[in-house]
Structures are given as C-alpha cells and as structure tokens.
Amino acid sequence: MQIVIGSDHAGFQLKQELIQWLQQAGHQINDIGSYNPDPVDFPDIAYAVCSKVREESGLRGILVCGTGVGAVIAANKVKGIRAAVCHDVHSAHQAVEHDDVNVMCIGAQIVGPWLARDLIDAFLQATFVQDADFVRRVEKLALLEQHN
C-alpha cells in the first residue's frame, strides 16, 4: 500500500522507526518530513501530508506529533480529509470502517513503537463498510465542508 507519512519534531524519532518497519512490510512510503529533530510547525507537515492524500484516491496518511491532537486538528481543516487520533486498536480500525478516515494521527509521547505498529496495522487493514448509515454520515461530513 502507498502511505504518506509526516511528523513534527516531537514525532520525528517514532516516524523514523515506523518508516523502516513499513518499508520492511512492503509498503511504499512517501515521507513528507520533517527530516530532522529540529523544531517545525505541525500545521505545515499536516497540510503537506493531507494534500498528497487528497491528490490520489486510496492513499492513506499517517501523522505523528507529540500527542496527535495538533495533527488531527490541522488535518481536519483540509477539505476531503477525515482524520482521527488513534491510541487504541479498536479506534484505529473502526475509524476507517465507520467514518472512512484517510489520515491517522498518533502521539509519539502517548504510544510507543510496538503499539504504534499495531495501530497502523489495524488502520491499514480496515476498509470502509458500505452500510447505508455509514455512507449517509460520511456524506454529511462532506456537506459540512461546503458550509465553511
């Protein structure tokens, strides 16, 4: 699977570990940055990741910052992006299955590398359930973007 990944300085080290693991698993990785642990503004990285996810259908994005909160706020400001902070496996797959989430945000200060790998596995293996209720709700999310 093609994955776009980015982090701020707080998530840099975890992102580096995750890239190596994802590549070993056979995924194609587009690393948007940051490329070193120097301070960087998370909205810039979030926008870069989300722009790539928006450009190509089927891409999934992963954002890593300190808590995941800043990243998810920034990501959800980008039209066409549905992002969720996921710190448990159930949320990681259900966010895709019920809400068609295309960007997962992880807090490097909240989860360690082993849990992050489990979260990403759940996120990447999940598919949107074409249940009428879920489809209707995701369509309403898209309508909310039109009002802003």
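All values reported here derive from a predicted model rather than from experimental measurement.
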Donor-acceptor pairs under 3.5 angstrom involving side-chain atoms of residues 35-42: please list them, not counting sequence neighbours.
| from | atom 1 | to | atom 2 | distance (Å) |
| --- | --- | --- | --- | --- |
| Tyr35 | OH | Asp31 | O | 2.9 |
| Tyr35 | OH | Ile32 | O | 3.0 |
| Asn36 | OD1 | Asp38 | N | 2.9 |

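- There is no path of hydrophobic side-chain contacts, each under 4.5 Å, that joins Val85 to Leu14.
- Both Val64 and Ile19 belong to a single network of hydrophobic side chains, linked directly or stepwise wherever heavy atoms of I, L, V, M, F, W or Y lie under 4.5 Å apart.
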For residues 111-126, please give each side-chain donor-acceptor pair under 3.5 Å, one per line with the distance, not counting sequence neighbours.
none

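- How far OG1 of Thr67 is from CD of Gln109: 7.0 Å, rounded to the nearest 0.5 Å.
- Val69 and Val78 sit in two unconnected hydrophobic clusters of ILVMFWY residues. Membership requires side-chain heavy atoms under 4.5 Å apart, directly or through other members.
- Residues Leu63 and Val103 meet the side-chain proximity criterion, which asks for heavy atoms closer than 4.5 Å.
- Transitive grouping of hydrophobic side chains (ILVMFWY, heavy atoms separated by less than 4.5 Å) brings Met1 and Ile106 into a common cluster.
- A 4.5 Å side-chain heavy-atom check between Ile5 and Ile29 finds at least one atom pair inside the cut-off.
- Considering every non-hydrogen atom in both Phe128 and Glu97, the closest pair reads CD1-O, 3.4 Å.
- Hydrophobic clustering, with ILVMFWY side chains joined whenever heavy atoms are under 4.5 angstrom apart, groups Val101 together with Ile110.
- The side-chain hydrogen bond (donor to acceptor under 3.5 Å, both in side chains) search around Asn76 returns none, not counting sequence neighbours.
- The two residues Ala71 and Ala46 have their closest heavy-atom pair at O-CB, 4.2 Å.
- Interatomic distance, CD1 of Ile45 versus OG of Ser34, reported as 5.5 Å (0.5 Å rounding).
- Residues Asp131 and Val135 form no side-chain contact, since every pair of their non-hydrogen atoms from C-beta on lies 4.5 Å or further apart.
- Sorted by first and then second residue, the salt bridge (Lys or Arg N to Asp or Glu O under 4.0 Å) pairs with a member in residues 65-76 form an empty list; sequence neighbours excluded.
- Annotation: ring-ring contact (aromatic ring centres under 6.0 Å, His included) contacts involving residues 62-94, sequence neighbours excluded, comprise His90-His93.
- Of the inter-residue distances, the one linking Ile81 atom CD1 with Asn102 atom CG reads 4.5 Å to the nearest 0.5 angstrom.
- Residues Ala108 and Ala10 approach most closely at CB-O, 3.6 Å, considering heavy atoms.
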Please tabulate, for the side chains in residues 48-57, all donor-acceptor contacts under 3.5 angstrom to protein atoms that are two or more places apart in sequence or on a different chain.
| from | atom 1 | to | atom 2 | distance (Å) |
| --- | --- | --- | --- | --- |
| Ser51 | OG | Tyr47 | O | 2.8 |
| Arg54 | NH1 | Lys79 | O | 3.3 |

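- Inter-residue side-chain proximity for Arg82 and Leu141 is flagged as met; some heavy-atom pair is nearer than 4.5 Å.
- Separation of atoms CD1 (Ile3) and NE2 (His27) is listed at 4.5 Å; rounding is to 0.5 Å.
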